[in-house]
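Worksheet for the structure shown next.
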Amino acid sequence: MNQEKKQGADLSELMGRRLQKLDDLKDKGIELYKTKFIRTHKLSQIREKYVDLEAGDKSGEAVKVAGRLMAKRRHGKASFLVIKDGSATIQLYLSLNTLGDERYNLFLDFDIGDFVGVSGEVFKTRRGELSISVDDFELLTKSLRPLPEKWHGLKDIETRYRQRYADLIVNSDAKDVFIRRNKIIKAIRQFFNKEDFMEVETPMLHPIPGGATARPFITYHNALDMDLYLRIAPELYLKRLLVGGFERVFELNRSFRNEGISVKHNPEFTMLEAYQAYADYHDMIELTEKLIKKVAGEVTESKIINYQGMELDFGRPWKKMTMLESLEKIGKVKVSYEMALEELRSIAAEFEVAVDSKDGKGKIISELFEKLVESNIVQPTFIIDYPLEITPLAKTHAQNPELVERFELIMAGREVANAFSELTDPREQRRRFEKQAALRKAGDEEAQYLDQDYLRALQYGMPPAGGMGLGVDRLVMILTDSPSIRDVIIFPHMRPEAGRER
RNA sequence: GGGCGCUUAGCUUAGUUGGUAGAGCAGGGGACUCUUAAUCCCAAGGUCACAGGUUCGAAUCCUGUAGCGCCUACCA
């Protein structure tokens, strides 16, 4: 039909050939981009229904199905194709006898990647492959770009992240990660609904960023002529809701931090935060353990979670130890708040922990913990009783004024959740904010801002409460054995391609 | 931000001491009515990431740039 076909095969020529084919189809009056196709079955439904069909037998049932053309095996006057829909793949059988010369060759002229709708009878080949003997078909969408190779798939990690759509078409394990992520998200919502928590949506654009120590993204509102910050945490708004009288609230959504990108950090990430009135951090430990065990049960049968060669035991009750105990047992260093600041400094120096001249005892102890302990904790462990100095929003510990009632859940060497008994005393909160403001003035860009409206809310009175935050992406990484946060964020942040189109 | 490494056809890749790039899949032509990584025959497809340099000669050596990865620093 087209004698002037180029013989080359680089991308522009491969695509050019498909464009030429598209024009030829259009000339034949064939619609290239249909609006609709009514199916009788998803492919998985056919697979389930006919598992027991004997090889060589016909089902007697005519079906209509649709999907993307994934493989062509031409075999003279009969051919086998594979299509794939959102649920499964299935083989199509085409024969010249059934379709006639023209229709048979028309179908074989479609490209891998095209969407087609077909009708025909379900049967099993002599080799036992469930198939559909096509008696009619139509093109639903023409594909112009060649798909990655069928056997090795798409391996280039950069292309997999940049062109997630291509990754999802050809790598079923990539698709599986996001299906499991969705199950995890659903399970989290179910859990909190069942525990009588109300899901809320608080602002993502904050006039004052708060609730965490992190650098924010700054944006600008034209009509109001003011800077706004993308939230670094929803914490302060959720606690305002406790003041308002909601006793159990949670939010499951994005926060944003303007910091380095790594295997554990994406500029936008999904965080869960939950607040419960009349509860303290011990209650939050119970809640957190129950939540994560429930969620893990939704995506895996086993109580043992394999993560990057580590075996995490989710079955037994999880260990608890104070930060000081963990430093002694795991970090093999004995420290205490009774020690002189100078003594702690020299211990830090001994372990090559960088210490700033402004750092107090609490900061040094937490730096030692991060350097010597955190990465060595594999099994799920609650580390409790954090230094007050690094935790401006938590209630002072009942027994020790240097500490706050806080825990972090550590597993696989990393922090998964963080919780505390919330600080409800507005005058104490003001003093803590003022200390943070002083740090900011001294050049600490991550120190927290003084939020007058939050203090006003606390002045009305906030009930005692426990609060918990959980890095959802990191939990999904562990539950899907993914080495990078980019494997569990469906469109991870990437630098621009700079005109290098592929 | 710092250090190290990677980048070859649409995809997956080979490439020796520097001598001018070799496959498989996909795509094109042909054979084939139960194949399934179908098979067989034929022909094609490369700015070796980009820009400089060294050299008679560079995918290969050197410098710079970009993207990506790993480690490290900051953080969740």
Side-chain angles (χ1 to χ4, degrees), chain A residues 2-3 5-18 20-21 55-56 70-82 89-98 104 111-113 123-131 133 144-163 166 170 211-215 232-233 255-273 354 367 370-371 408-410 414-418 444-446 469-475 477 483-486 494-500 502:
Chain A
N2 180 5
Q3 303 302 323
K5 270 178 190 166
K6 281 183 189 170
Q7 287 300 300
D10 66 19
L11 179 60
S12 62
E13 285 167 350
L14 290 172
M15 290 184 67
R17 188 165 281 138
R18 288 187 175 212
Q20 180 60 55
K21 213 178 259 186
M70 297 303 288
K72 280 203 264 188
R73 293 186 285 274
R74 302 182 57 146
H75 212 288
K77 298 188 179 66
S79 292
F80 299 89
L81 315 188
V82 176
T89 63
I90 205 160
Q91 176 170 269
L92 304 180
Y93 174 74
L94 307 187
S95 90
L96 189 75
N97 289 351
T98 314
Y104 181 75
D111 290 301
I112 287 174
F123 76 109
K124 230 170 210 177
T125 64
R126 278 175 232 151
R127 294 285 185 89
E129 179 75 37
L130 193 66
S131 307
S133 179
L144 294 179
R145 192 175 278 267
L147 244 38
E149 196 229 350
K150 64 184 169 185
W151 186 243
H152 299 91
L154 180 62
K155 286 192 168 169
D156 183 85
I157 195 148
E158 184 180 347
T159 312
R160 289 185 58 187
Y161 294 148
R162 285 194 195 281
Q163 301 184 34
V170 298
T213 46
R215 286 191 352 231
I232 54 176
S255 288
F256 309 84
R257 295 188 186 176
N258 202 344
E259 284 163 358
I261 295 175
S262 82
V263 80
K264 288 187 231 169
H265 301 82
N266 196 64
E268 52 182 304
F269 62 102
T270 300
M271 186 147 68
L272 165 74
E273 287 202 10
E367 293 285 338
E370 282 173 25
K371 168 108 183 192
E408 287 194 356
L409 172 63
I410 316 285
R414 56 186 69 174
E415 178 197 335
V416 169
N418 175 20
D444 184 348
E445 283 187 71
E446 289 177 354
L470 184 151
V472 173
D473 309 286
R474 289 183 177 182
L475 180 64
M477 284 169 70
S484 168
I485 199 167
R486 289 179 161 186
M494 301 290 277
R495 280 195 170 85
E497 284 178 272
R500 194 167 52 96
R502 300 211 263 176

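Numbers restart at 1 for each chain; the letters A, B, ... are given by sequence-line order, proteins then strands. No hydrogens, no waters, no symmetry mates; every other heavy atom, side chains included, goes into these values.
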For [X], which contact category applies under a 4.0 Å heavy-atom criterion: base, sugar-phosphate, or nothing?
X	answer
A:N266	base
A:V82	nothing
A:R160	nothing

Closest nucleotide among [options] to the [X] side chain:
X	options	result
A:S262	B:A73, B:U33, B:G27	B:A73
A:D10	B:A26, B:G46, B:G24	B:G46
A:E149	B:U36, B:G24, B:C68	B:G24
A:K72	B:G27, B:G69, B:U35	B:G27
A:L14	B:G1, B:A26, B:U36	B:A26
A:L154	B:C34, B:G27, B:U12	B:U12
A:R74	B:C34, B:C68, B:C32	B:C32
A:I157	B:G67, B:U33, B:G69	B:G69
A:R17	B:U36, B:G28, B:G67	B:G28

Integer angstrom distance from the C1' of B:U55 to that of B:C62:
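These two C1' atoms come out 12 Å apart once rounded.
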With no angle test and no hydrogens, is the base of B:U33 tied to the side chain of A:N97 by a donor-acceptor pair under 3.5 Å?
yes
Taking atom types as they are modelled, would you say the side chain of A:T125 forms a donor-acceptor pair with the base of B:U35 within the 3.5 Å cutoff?
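By the distance-only test, yes, there is a pair.
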Separation of B:C74 P from A:I232 CD1 (nearest whole Å):
18 Å
Using 30° and 60° as the class boundaries, would you call the ring planes of A:F80 and A:Y93 parallel, tilted or perpendicular?
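The arrangement is tilted - the two ring planes meet at 30° to 60°.
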Using a strict cut-off of less than 4.0 Å between a Lys/Arg side-chain nitrogen and an Asp/Glu carboxylate oxygen, indicate whether A:E367 and A:K371 qualify as a salt bridge.
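No salt bridge links A:E367 with A:K371.
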